[in-house]
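Report on the following structure.
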Amino acid sequence: MSTHAPTLSAAADPLSRLQPPDGVRTLTPRARGQRPAPVPPWRPAGALALARQRAAINQAALRHVDGPPYVVLYALTRADLDPHGDLAAAQGHATLHSFTVTDRIVDTLDGHRDGDDPTLRCGYARALRLLADLASPVRGVVAVSRTLVSPIDRIYEAQLRSITARAGGLWLVRAETEL
């Protein structure tokens, strides 16, 4: 253990310890008015277009109902996971928008690539049947994120068209542009 005080030159020039090592190139900071504008978070153009399309579909669905729409909550999970967190988030979103929840539907993945195509899932098919049934008051589905429908853009877009054909809506807790 050394009890010696630092030398006078090191104590007098504390910035000398902050100099970059030899051979390292440094950039001087730009003046505040010359700095580039901050870059907005990157979002794929396709996701933004899908979000706008879904918003238009939801507005059309709301025009077809008198008062708050009736919706089903939808969750997709693996057998080893609990869907209650997703259902609670969807319930909170439905409550925030004053939707009336008629049912809670959960599909469980079995690991055989049934996650990509929602038409192969019994629960999702039931939600679409409720939307198509003229006697049913259900006008929409509330899910946590678009990946519960499909992570594949063309399949997701086809499902948006299918929901549109049924005069329904798809409300997401996290929009297409959010993680």
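The structure presented is a predicted model; accordingly, all values stated were derived computationally and were not measured.
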Transitively linked via ILVMFWY side-chain contacts under 4.5 Å: Leu130 with Ile57?
yes
Can you find a pair of side-chain heavy atoms, one from Tyr156 and one from Arg54, that are under 4.5 Å apart?
yes
Within 6.0 Å of CG in Asp80, more than 12 heavy atoms from elsewhere:
yes
Can you find a pair of side-chain heavy atoms, one from Arg126 and one from Asp103, that are under 4.5 Å apart?
yes
If hydrophobic clusters are built by linking Ile, Leu, Val, Met, Phe, Trp and Tyr wherever their side-chain heavy atoms come under 4.5 Å apart, do Val65 and Val142 end up in the same one?
no
Might you point out which heavy atoms bring Ser98 and Pro68 nearest each other, and give the distance in Å?
O-CB, 2.8 Å
side-chain contact (heavy atoms from CB on, under 4.5 Å) partner of Val141, the single match among Val71, Leu131, Ile105, Leu128:
Leu131
May I ask you to test the Ile152-Arg154 pair for a side-chain heavy-atom distance under 4.5 Å?
yes
Shared ILVMFWY cluster between Leu87 and Tyr124, side chains joined below 4.5 angstrom?
no
About how many Å separate CH2 of Trp171 and CG of Leu73, when rounded to the nearest 0.5 Å?
12.0 Å
Here the gap from Asn58 atom CG to Arg139 atom CZ, rounded to the nearest 0.5 Å, amounts to 12.5 Å
Smallest separation among heavy atoms of Ala127 and Val72, with atom names
CB-CG2, 4.0 Å
Do any N or O atoms from the side chain of His93 and from the backbone of Ala89 form a donor-acceptor pair under 3.5 angstrom?
no
Heavy-atom distance under 4.5 Å between the side chains of Leu109 and Leu76, does that happen here?
yes
With a 4.5 Å cut-off on side-chain heavy-atom distances among I, L, V, M, F, W and Y, is there a chain of contacts connecting Leu62 to Val101?
yes
For a salt bridge (charged side-chain N to carboxylate O under 4.0 Å, His left out) check, start with the C-alpha distance between Arg104 and Asp86, then their side-chain angles and the critical distance, and finish with the verdict.
CA-CA 11 Å; Arg104 287 157 182 78; Asp86 284 356; over 6 Å; no
Evaluate the side-chain proximity of Val106 to His84: yes if any heavy-atom separation is below 4.5 Å, no if none is.
no
Nearest 0.5 Å, what's the CZ-CG distance between Arg78 and Asp107?
15.0 Å
Hey, is the main chain of Ser150 close enough, under 3.5 Å, to the side chain of Arg146 for a donor-acceptor pair?
yes
Is there a chain of hydrophobic side chains (I, L, V, M, F, W, Y, each step under 4.5 Å between heavy atoms) that links Leu148 to Leu160?
yes
